[in-house]
Amino acid sequence: MAEQVAEKSASNRADELYRLRHSTAHIMAAAVLEMFPDAKLAIGPPIKDGFYYDFDLPRPISTEDFGQLRGRMIQLVKRDVPFEREEWPKDKARDFFSDQPYKLELIDGIEGDTVSIYKSGPLTDLCAGPHVESSGVLENFDLLKVAGAYWRGDENRPMLQRIYGTAWPTKKELDHYLYTIEEAKRRDHRKLGKELNLFDFHELSPGSVFWKPKGWTAYRELKNYFRQIEQQQGYIEICNPSFYHQDLFEQSGHLEHYEDNMFTMDVHGQTYCLKPMNCPDTMLFFASQKRSYRELPLRVAEFGHLHRNERPGALGGATRVRQFVQDDAHIFCAQEHLYDEIALFLEMVDATYGMFDMEYELELSTRPDEYLGELAMWDEAEASLKRALEEAGKPFTIDEGDGAFYGPKIDFNVLDCLGRDWQCATIQLDFQLPRRFELTYTGADNDEKTPIVIHRAIAGSLERFFAILVEHFAGVFPTWMAPIQAVVIPITDEQNDYAFDVADRLKQAGIRVEVDHRSEKVGYKIRESEKQKIPYMLVVGGREEEADTVALRTYQEGRRGVMEIDELRREIVEKIEERTLDVEIDRPDLAQPDDAAQVGQEMEERGY
RNA sequence: GCCGACGUAGCUCAGUGGUAGAGCAGCUCUCUCGUAAAGAGCAGGUCACCGGUUCGAGUCCGGUCGUCGGCUCCA
């Protein structure tokens with residue numbers, strides 16, 4: 001019952017935001033028409049957090065035009081122009097929109113003999129509605145950015161200019177939203193990566209991460225974690241080459257489907273390719289010896305370096321790169337292993353994301369219209385996936401028909417600080433690849449059988465996952481991942497020897513510790529350590545040296561007072577060994593006022 | 001790849017056609033200091049790259065590369 005009420009109120013809220021944002025889009029279109037009477041209008045829907053409208057304009061528009069555009073919109077809001085709905089026969093609409101080619105195309109796509117029209121001030125627009133009653137309530141908006149967008153999302157059709165804006169019922173919500181945008185920029189992994197000296201980029205290798213010592217240390221810790229849980233779950237790890245004769249990808253089918261994304265090179269008259277995925281060469285591993293049913297399920301991990309030739313405009317930070325490593329593994333198994341393998345993987349994903357306190361969403365994609373393999377196999381595989389999901393007790397959505405032609409899959413999406421969702425973990429069943437490589441194992445009945453392959457990754461791209469973690473933590477790594485876990489700060493040069501002695505004692509326990517022995521004041525060194533987000537700061541002066549202690553300050557808790565070195569060492573070592581999440585995940589900037597996230601999801605589901 | 005914006009010192013950024021600037025970081029010296037910035041001095045630039053206009057280009061124009069925001073694609 002309570003749930004129903006909540007649903008209803010979210011619905012009302014979604015309706016309100018829908019009307020508000022959709023109407024603001026119309027007001028913007030009206031203002032654009034005032035500025036550019038020849039503008040051709042495309043579509044202007046509400047979206048999560050705001051709205052956009054696509055235009056075909058006589059000249060490029062830029063944020064420099066926002067002042068004027070905003071001013072004209074405010075005028076329309078102040079005039080409180082009503083939104084009036086009319087129902088027109090299609091012929092009348094075609095006549096009216098005769099110089100608006102995109103509207104004409106939309107009219108042709110609408111069912112029935114009539115279309116609905118909304119008039120608001122100078123704008124008469126083809127629109128299904130609904131809208132607010134009049135524009136007076138639309139005062140809490142702002143214009144955000146301009147972007148290019150293809151008409152109907154088709155890259156073969158004209159490129160339009162899209163203006164993005166945001167709109168809220170109250171000034172408070174608008175201000176909060178604008179604040180979240182600023183706050184999100186502050187924790188952008190590209191900015192933090194530079195400030196914390198984690199990684200770099202260089203134009204001589206676009207789309208590649210240059211790992212610096214600090215970032216590489218944290219990255220290695222992350223990779224070690226994946227190695228460890230895989231090893232605990234009975235995975236074996238291999239390391240194969242990065243480039244292959246193209247025949248490998250001919251056989252796997254990648255050349256046919258993926259060639260545009262592959263780097264190829266001529267080697268003594270033969271064509272070689274950098275591998276874009278680990279699957280084909282893992283097939284070679286399986287085929288490298290005679291296999292028995294006793295070996296199954298065979299879980300083979302490979303942290304291979306992958307190269308994909310992304311289009312220049314698609315690159316971005318460490319989240320979208322040309323070379324990366326996946327925490328990839330392929331499980332060779334029989335039909336009867338499917339359920340257990342899927343269930344085991346769901347546990348691993350949940351444990352990992354839980355360890356980082358990350359939210360994620362699950363989506364099951366089922367058999368597409370064009371598929372390969374036997375129907376019965378598909379049905380059984382999908383049933384296994386569904387049952388594992390249900391028994392894991394996590395909510396999931398089903399995307400019917402969105403599976404790959406070679407098998408169904410589950411995708412796991414996590415949200416980054418900008419609210420973008422990234423596909424990280426994935427588990428895909430594959431009935432085709434083993435056949436293409438003619439893989440077999442000997443069954444208990446001495447028959448040769450074809451295994452099923454499961455592709456799976458928890459982080460997906462380690463580079464991307466690392467970037468998401470940086471944003472998630474706002475640069476404050478838990479102690480086990482921190483590049484420098486402790487810094488010893490002598491108060492004067494007198495304590496330098498003692499400081500190095502303390503550092504040595506911690507180093508012996510495997511703790512990453514440095515001594516800041518520069519001739520600077522304590523305050524200065526503390527400030528530097530705070531800025532570098534070092535979890536443990538150990539101040540040593542005359543008193544500490546005398547008593548063989550340190551004055552402890554931590555990033556999370558501030559001053560903690562004097563501590564014995566053994567006790568401190570135990571505390572840090574335990575956190576490292578347990579991989580304790582000893583940082584607060586600070587999400588105030590991610591929090592939406594009330595239920596905007598739910599509303600956003602609902603709007604998405606309705607196809608707004 | 002497409003649309004748009006941007007590219008000046010290691011970093012953050014000033015510089016509207018007439019001698020390339022600041023803060024921080026770096027180096028040297030002084031200070032030896034008790035929990036988020038001590039002081040002084042020095043050094044640091046082919047203004048992304050290529051071409052054009054001009055007596056003269058960081059500045060104007062064209063191209064290339066890169067970065068960013070989107071679109072398309074996607075881990």
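Note that this is a predicted model, so its numbers are computed, not measured. Chain naming here is simple, since letters A, B, ... match the order of the sequence lines and numbering starts at 1 in each.
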Sugar-phosphate, base or nothing in reach of A/Gly207, heavy atoms under 4.0 Å: sugar-phosphate
B/G69 OP1/OP2 closer than 4.0 Å to side-chain N/O of A/Arg190: yes
Sugar-phosphate only, base, or nothing, as touched by A/Gly541 at under 4.0 Å among non-hydrogen atoms: base
Candidate nucleotides B/G34, B/A75, B/G26, ranked by approach to the side chain of A/Val522 - the nearest: B/G34
Residue pair A/Leu178, A/Asp142: steps toward the side chain to side chain contact (heavy atoms under 4.5 Å, CB included) verdict: CA-CA 9 Å; A/Leu178 295 176; A/Asp142 202 2; 3.9 Å; yes
Touch class at under 4.0 angstrom, heavy-atom based, for A/Ile489 against every strand present: nothing
Six-ring centre of A/Tyr371, A/Arg367 cation under 6.0 angstrom, axis tolerance 45°: yes
Candidates B/U32, B/C2, B/A75 - which lies nearest the side chain of A/Met159: B/C2
CD/A/Glu584: more than 12 non-hydrogen atoms of other groups inside 6.0 Å: no
Per-nucleotide protein contact string for nucleotides 5-16 of chain B, where B marks a base within reach and S marks sugar-phosphate only (heavy atoms under 4.0 Å, - for neither): ------SS----
Face-to-face contact A/Trp422 to B/A75 six-ring, under 5.5 Å, under 30°: no
A/Arg553 side chain near B/A36 phosphate (N/O to OP1/OP2, under 4.0 Å): yes
Sugar-phosphate, base or nothing in reach of A/Tyr524, heavy atoms under 4.0 Å: sugar-phosphate
N or O in side chain of A/Tyr555 less than 4.0 angstrom from B/U35 OP1/OP2: no
Separation between the C1' atoms of B/A14 and B/G45, rounded to whole Å: 15 Å
Sugar-phosphate, base or nothing in reach of A/Glu530, heavy atoms under 4.0 Å: base
Sugar-phosphate only, base, or nothing, as touched by A/Glu494 at under 4.0 Å among non-hydrogen atoms: nothing
Closest heavy-atom pair and its distance - A/Gln423, A/Thr426: NE2-CB, 3.3 Å
No-H, no-angle donor-acceptor pair, A/Arg320 side chain to B/C73 base, under 3.5 Å: yes
Sugar-phosphate only, base, or nothing, as touched by A/Glu544 at under 4.0 Å among non-hydrogen atoms: base
Matching residue for A/Pro483 among A/Lys212, A/Lys214, A/Gln532 - test: side-chain contact (heavy atoms from CB on, under 4.5 Å): A/Lys214
Candidates B/U67, B/C33, B/A75 - which lies nearest the side chain of A/Pro206: B/U67
Side-chain donor/acceptor of A/Tyr52 to base of B/G70, under 3.5 Å: no
Sugar-phosphate, base or nothing in reach of A/Gly317, heavy atoms under 4.0 Å: sugar-phosphate
Ion pair check, A/Asp154 and A/Arg152, cut-off under 4.0 Å: no
Shortest side-chain distance from A/Arg527, nucleotide among B/G4, B/A36, B/A75: B/A36
Sugar-phosphate only, base, or nothing, as touched by A/Glu528 at under 4.0 Å among non-hydrogen atoms: nothing
Side chains of A/Phe66 and A/Ile61 in contact at under 4.5 Å (non-hydrogen atoms): no
No-hydrogen, no-angle side-chain donor-acceptor test under 3.5 Å, A/Thr352 and A/Tyr225: yes
Touch class at under 4.0 angstrom, heavy-atom based, for A/Gly313 against every strand present: base
4.5 Å side-chain heavy-atom contact, A/Glu310 and A/Arg320: yes
Whole-Å gap separating P (B/A36) and NZ (A/Lys533): 15 Å
Nucleotide nearest A/Ala147 when distance is taken to its side chain, options B/A75, B/U32, B/G70: B/G70
Sugar-phosphate, base or nothing in reach of A/Val539, heavy atoms under 4.0 Å: base
Touch class at under 4.0 angstrom, heavy-atom based, for A/Ala551 against every strand present: base
Sugar-phosphate, base or nothing in reach of A/Lys145, heavy atoms under 4.0 Å: sugar-phosphate
Nearest-nucleotide pick for A/Gln423, side chain only, options being B/A75, B/A36, B/U32: B/A75
Touch class at under 4.0 angstrom, heavy-atom based, for A/Tyr164 against every strand present: sugar-phosphate
